[in-house]
Protein chains: 2
Amino acid sequence: MSQHRPPGAPERSVAVPALPDLPEATVARLPEYLRALHNLAENGHETVSSEWLATAAGVNSAKLRKDLSHLGSYGTRGVGYDVALLIDQIEYVLGLTQRRTVALVGVGNLGHALAGYDGFATRGFRIAALFDADPVRVGEEINGLVVRHVDELSRVATEESIAIGVIATPAAAAQRVADRLVAGGVTSILNFAPCVLTVPDGVDVRKVDLAVELQILSFHEHRKASLTALPAAGEATLTPLPGSLAATDPQEAIGT
Amino acid sequence: MSQHRPPGAPERSVAVPALPDLPEATVARLPEYLRALHNLAENGHETVSSEWLATAAGVNSAKLRKDLSHLGSYGTRGVGYDVALLIDQIEYVLGLTQRRTVALVGVGNLGHALAGYDGFATRGFRIAALFDADPVRVGEEINGLVVRHVDELSRVATEESIAIGVIATPAAAAQRVADRLVAGGVTSILNFAPCVLTVPDGVDVRKVDLAVELQILSFHEHRKASLTALPAAGEATLTPLPGSLAATDPQEAIGT
DNA sequence: AAGCGCTTGTGAAGACACGCACAAATCGCG
DNA sequence: CGCGATTTGTGCGTGTCTTCACAAGCGCTT
């Protein structure tokens, strides 16, 4: 991480003493702000206005200011935000001032790609171990890491102080993998398997399901299609229009 | 999709006439319900209670009932929901009664994995075309599809009636790809590139950033660590504790 | 046919998030 | 030194989402 120290600042730490408890919605946006800020820093910008940063992050400027205000006041009225300082603050709050180690379980189609994804390394994470249940895959070397058998998962997780476990296995294996991660002391899990995991209190799970994203888009496609089929019927849902109901969108007819 | 027809139902269509406008939060959960329902159907269950289904989907049962109530009343009091009927209803609302075609742009690390991901095909989507800008990759065959040059994107998207475009390129190329998708008539985009896309009104974009998910988990790790380090200091944020600020969490020390 | 247990569907209240609009603060310039 | 231009930080109204709690409805049993 960037070890920024403002030029004239005294060495007495002015960092937030303990973590403010941020709204979850704010936390989810901070990484996006951080990415935009790194872009700005690379282009040599030293300060940035909320308007500019908000546009770069794709959000409303008032929302951005409110989000940042939760971390404390690090902007200057009439000027804007100090890019480097803000980067440090967000990275501190997100816990990125220490590089977190990641264990990746399941090096199939998706897992293989994740293992080779350089976006992790460049944003503060280090994949420290790979696991798979398939004996054929165990021993394979990917990006300088040797795939180990999943039976070693708990032990290695403890030894290597794994902070985050990434599950990229088939759904049927995911719960067992999660159990082993928890047994190894892991308290944060990113789950790519299409299933619900049950974990003890204190363990955070985030789920990413690629097909779900497509299905949500599909809904909006469907909605848009049904609107264009009924150009003048924005509110038609509540007005029966008795004769023509079944014909509103021919391509969608089911059953009948 | 499954052309379910309840045994005693008349052939007069009882499907919802036009699409109800669902809360966005509900739409995002429907795919999860759908997955759980398919699991139940495979195991031979014909009906399911909201309590059961909610648990399988990892949500509150009241929330589940309210979500489903937005689609209309398809449950039976005292009994539960008809699994097959509910599957049909959700698939209809999500627009999965017709198989949607997907174009995948960028067959690098991640794109390659997505091209081979069978979760798309099993959930109503068909990857119809692959594109890349790298001449070395053009012509390569992946899963029976030949990679085409991105210059053909707009034309092919129109010809093949692509419904959804998936961007798995580096961030620098993503906006140009989005423009070409839009030019080809695509109105739904799933963006894996870490950047904000600007698109015309009427085009939906969903963004998935794998590193962002890890950063959110990192925040919670950080928070948990700072809590265990200060077991009795839940409200310490506002009480300065002058002397010991920098020492609250040694491993997090930055700068100084 | 009536009663009982079970489950859905929903009204209402609380919690959360959003965005406007403006006061407060800072810088630069005359 | 004062004033205007600019931009942050935030109070407040609005809308959305969540959750509780219960009435209404259904089927089974007697």
Side-chain angles (χ1 to χ4, degrees), chain A residues 6 8 16 20-30 32-33 36-37 40 45-87 89-90 93 216 219-220 238, chain B residues 6-9 14 16 20-30 32-33 36-37 40 45-86 89-90 93 216 219 237-238:
Chain A
V16 285
D21 47 349
L22 308 175
E24 195 56 35
T26 295
V27 174
R29 283 187 293 264
L30 288 180
E32 195 63 35
Y33 303 156
L37 285 165
L40 286 168
H45 293 75
E46 299 200 347
T47 64
V48 63
S49 71
S50 66
E51 196 66 43
W52 222 102
L53 184 54
T55 304
V59 302
N60 181 301
S61 71
K63 181 150 61 181
L64 174 101
R65 287 199 298 276
K66 190 156 287 186
D67 283 342
L68 295 185
S69 77
H70 287 124
L71 321 182
S73 295
Y74 295 104
T76 308
R77 290 163 135 100
V79 177
Y81 297 91
D82 182 305
V83 172
L85 178 60
L86 202 49
I87 287 176
Q89 282 303 324
I90 294 179
V93 168
I216 295 171
F219 167 80
H220 291 293
L238 296 176
Chain B
V14 291
V16 284
D21 47 348
L22 307 175
E24 195 55 36
T26 296
V27 174
R29 282 186 293 266
L30 288 181
E32 195 63 35
Y33 303 156
L37 284 165
L40 286 168
H45 294 76
E46 300 200 347
T47 63
V48 63
S49 71
S50 67
E51 195 67 42
W52 222 104
L53 184 54
T55 304
V59 302
N60 183 300
S61 72
K63 182 150 61 180
L64 175 103
R65 287 199 299 277
K66 187 150 287 188
D67 282 343
L68 294 185
S69 77
H70 287 123
L71 320 183
S73 294
Y74 295 104
T76 308
R77 291 163 135 101
V79 178
Y81 297 91
D82 181 305
V83 171
L85 177 61
L86 202 48
Q89 282 304 325
I90 294 179
V93 168
I216 294 171
F219 167 80
T237 312
L238 296 176

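Scope of the values below: all heavy atoms of this structure, side chains included, with no hydrogens, waters or symmetry mates. Just so it is clear: chains get the letters A, B, ... in the order the sequence lines come, proteins before strands, and each one is counted from 1.
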What is the separation between atom CD on A:E24 and atom P on C:dA15, rounded to the nearest whole Å? 18 Å
Taking every non-hydrogen atom, the tightest pair across B:V48 and B:L53: CG2-N, 3.8 Å
5' to 3' on DNA chain D, which nucleotides open and close the contacts with chain A (atom under 4.0 Å from a heavy atom)? D:dT6 to D:dC12
Taking atom P of C:dC16 as reference, at what distance in whole Å does atom NE2 of A:H70 sit? 12 Å
Counting only distance, no hydrogens or angles, is the base of C:dG19 paired donor-acceptor with the side chain of A:K66 under 3.5 Å? yes
Is the shortest heavy-atom distance from the side chain of A:F219 to the side chain of B:L30 under 4.5 Å? no
Is any side-chain N or O of B:R77 under 3.5 Å from a base N or O of C:dT7, one able to act as donor and the other as acceptor? no
Residue met sooner reading DNA chain C from 5', once B:L68 and A:D67 are mapped to nucleotides: B:L68
Between A:Y81 and C:dT26, is there a contact of a side-chain N or O with OP1 or OP2 at under 4.0 Å? no
Between CZ of A:R65 and C1' of C:dA25 the distance, given in whole Å, is 14 Å
Indicate yes or no: at least one non-hydrogen side-chain atom of B:Y33 is less than 4.5 angstrom from one of B:L64. yes
Between CZ of A:R29 and C1' of C:dA17 the distance, given in whole Å, is 8 Å
Specify the separation, in whole Å, of atom CG of B:L86 and atom P of C:dT7. 16 Å
Roughly, in whole Å, what's the span from CG in B:L71 to P in C:dT10? 12 Å
Using atom OH of A:Y74 as one end and atom C1' of C:dA25 as the other, report the distance to the nearest whole Å. 18 Å
Between A:A62 and A:V79, which is nearer to the 5' end of DNA chain D once each is assigned its nearest nucleotide? A:V79
Taking all atoms of both residues into account, what is the closest heavy-atom pair of A:E32 and A:A57, and its distance? CG-O, 3.7 Å
Residues B:A36 and B:A56: closest non-hydrogen pair is CB-CB, 3.9 Å
Start with the C-alpha distance between A:R65 and A:L68, add both sets of side-chain angles, then the distance that settles side chain to side chain contact (heavy atoms under 4.5 Å, CB included), and finish with yes or no. CA-CA 5 Å; A:R65 287 199 298 276; A:L68 295 185; 5.9 Å; no
Between C:dA15 (P) and A:D21 (CG): distance, integer Å: 15 Å
So, is A:N60 near the phosphate of C:dA17, with a side-chain N or O under 4.0 Å from OP1 or OP2? no
Of all the heavy-atom pairs spanning B:I216 and A:A28, show the shortest one and how long it is. CD1-CA, 3.8 Å
